Protein chains: 2
Amino acid sequence: MEKLKSLERVEESLAKLPSVGKKSAERMAYAMLDMDEDSLEEFSLAIKELKEKIHVCPICGNLTEDEICEICSDTSRDQSTLLVVSHPKDLLAFEKAEGFHGLYHVLGGTISLSKGKGVEDLSINPLIKRIEEGNFKEVIIATNPTIDGETTALYLAKILEKYPLNVTRIAYGLPMGGNLDYTDSMTISKALEGRRKI
Amino acid sequence: MEKLKSLERVEESLAKLPSVGKKSAERMAYAMLDMDEDSLEEFSLAIKELKEKIHVCPICGNLTEDEICEICSDTSRDQSTLLVVSHPKDLLAFEKAEGFHGLYHVLGGTISLSKGKGVEDLSINPLIKRIEEGNFKEVIIATNPTIDGETTALYLAKILEKYPLNVTRIAYGLPMGGNLDYTDSMTISKALEGRRKI
């Protein structure tokens, strides 16, 4: 018996998601058949509207449904500390940990020789512009503790040398090779506390 | 920072899928943001059309996009052997194993005291009707080797006693407590070969 086309289409889309293999995609698609029509309609619509409603904040690179993101719009946050992350989900990890009240800058990735991702692919010029125009006293670099993350951190530290700033690196409370957005809030808070000057 | 509504909607839908927790749903939703618009459009459409195009075969209970399913329509299949499964995905597991060339009957579940699922919730009357009107020589019961699956198998064996049939149970090549649709094709074939009369 050939597999049903409608099921296969859903499975192919599901299999594009992280850590979803063929077998899981199949189980998920069958589970969807057991959902009621309303749930599937909502599922479909939520995916359709995902990119329509969300865009990147023109100031920091965070994801937002507003013109400027919630954090950049919040004047009560400490305007003198800037925390630099690779991805919006890393920013979210810090917000969940609740230990940081300054501003963020999202690079949109890391320098990666293996993925052919260079300095020009990251939001580094906007970062420099923010630093030149703002009143930051400290820039905390919170890229992942991986080879690419370290390379990016060292590169940033180097180009930020000439500014009157403390450039710090988030502490290694994180296991090397680990992944920021899989880390529990406690570890993230500890790592933030233990930050040191590069 | 509050989580973006559009992301949260997608995460809530994803979290309804089997073995997708909150954290996985979050990672998947972020991965979707990195997909191109066309892929998301297709993903959304595939889900929307899933239930619109697929329905249950009125003869056997299998899923189909046609009026009658591919297996019931296939006159070259052995019309004297009927394999009874709980779910369409179990039927697919047998088709993948390629050891069976008869017809199927899909019960739509198992008798389950814990889930309050009784005989009347399963496609048992249509099964009896098929047996009375057809020319089956053997009915193979292939519910899962779990408590509910065993209960269902014994119940079926009892009510099929009065018909001039061999009622057999798929062999325990499957580990007890296991799950048919997670089983490799080789084990499924072995279990089919080793079937015995109940």
Side-chain angles (χ1 to χ4, degrees), chain A residues 1-14 16-20 23-37 39-54 62-66 69-71 74 87-89 91-92 94-96 104 181-182, chain B residues 1-14 16-20 23-37 39-54 62-66 69-71 74 87-89 91-92 94-96 104 181-182:
Chain A
M1 193 189 77
E2 299 236 335
K3 199 151 199 179
L4 296 176
K5 288 234 160 37
S6 309
L7 266 172
E8 211 159 24
R9 275 178 71 193
V10 170
E11 286 173 26
E12 278 168 10
S13 280
L14 285 167
K16 290 182 184 169
L17 297 176
S19 61
V20 178
K23 193 75 207 170
S24 316
E26 190 179 296
R27 283 178 80 86
M28 287 176 186
Y30 274 103
M32 282 190 193
L33 276 173
D34 290 334
M35 287 184 190
D36 57 68
E37 305 266 357
S39 300
L40 281 190
E41 178 76 34
E42 158 60 16
F43 201 157
S44 167
L45 202 64
I47 293 174
K48 190 173 147 59
E49 292 186 354
L50 186 63
K51 274 215 169 172
E52 290 168 12
K53 294 209 173 161
I54 293 182
N62 185 17
L63 298 170
T64 180
E65 289 176 356
D66 307 312
C69 85
E70 210 182 312
I71 293 169
D74 184 353
H87 299 287
K89 58 188 169 185
L91 183 159
L92 197 67
F94 279 104
E95 284 297 293
K96 276 186 193 158
Y104 292 93
D181 85 310
Y182 262 172
Chain B
M1 194 187 78
E2 299 238 334
K3 200 152 196 177
L4 295 176
K5 287 235 161 36
S6 309
L7 266 172
E8 210 158 25
R9 277 178 69 191
V10 169
E11 287 173 27
E12 277 167 10
S13 281
L14 285 167
K16 291 180 183 168
L17 298 175
S19 61
V20 178
K23 191 75 206 172
S24 316
E26 189 180 297
R27 284 178 81 86
M28 287 175 185
Y30 274 104
M32 282 190 191
L33 276 173
D34 289 335
M35 287 184 189
D36 58 69
E37 305 268 356
S39 301
L40 281 189
E41 178 77 35
E42 158 59 17
F43 201 157
S44 166
L45 203 65
I47 292 173
K48 190 175 148 62
E49 292 187 352
L50 186 63
K51 274 215 168 170
E52 290 168 13
K53 294 209 173 160
I54 294 181
N62 185 17
L63 298 171
T64 180
E65 289 176 358
D66 306 313
C69 85
E70 210 182 313
I71 293 169
D74 184 354
H87 299 287
K89 59 187 169 185
L91 183 159
L92 196 69
F94 280 103
E95 284 299 291
K96 277 187 193 158
Y104 292 94
D181 85 311
Y182 261 172

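Reminder, nothing fancy here: chain letters follow the sequence lines and each chain counts from 1. A quick note: this is a predicted structure, and the numbers were derived from the prediction, not measured.
Between chain A and the options B:I47, B:I54, B:L7, B:V10, the largest number of non-hydrogen pairs under 4.5 Å is found for B:I47. With chain B as partner, the option from A:L40, A:L14, A:L33 having the largest number of non-hydrogen pairs under 4.5 angstrom is A:L33. Taking B:L45, B:D34, B:D74, B:V20 one by one and counting their heavy-atom pairs under 4.5 Å with chain A, the maximum is reached by B:L45. Of the residues considered (A:S19, A:P18, A:A31), A:P18 shows the highest number of contacts with chain B, using heavy-atom pairs under 4.5 Å. When A:H87, A:E52, A:M35 are compared by the number of non-hydrogen pairs under 4.5 Å with chain B, A:M35 comes out ahead.
Look at B:K16 and A:E42 and you find no salt bridge, because none of the NZ, NE, NH1 or NH2 atoms lies under 4.0 Å from a carboxylate O.
Shown here is B:K96, whose NZ atom has more than 12 heavy atoms of other residues, nucleotides or ligands within 6.0 Å.
For the atom pair A:K48 NZ and B:E37 CD, the distance stands at 10.0 Å (nearest 0.5 Å).
For B:E65, the parts sitting under 4.5 Å from any heavy atom of chain A are the backbone and the side chain alike.
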Determine, stepwise, if the pair A:K5 / B:K53 fulfils side-chain contact (heavy atoms from CB on, under 4.5 Å). CA-CA 9 Å; A:K5 288 234 160 37; B:K53 294 209 173 160; over 6 Å; no

Working note: A:N62 + A:E70, criterion side-chain contact (heavy atoms from CB on, under 4.5 Å); need CA distance, chi angles, decisive distance, verdict. CA-CA 9 Å; A:N62 185 17; A:E70 210 182 312; over 6 Å; no

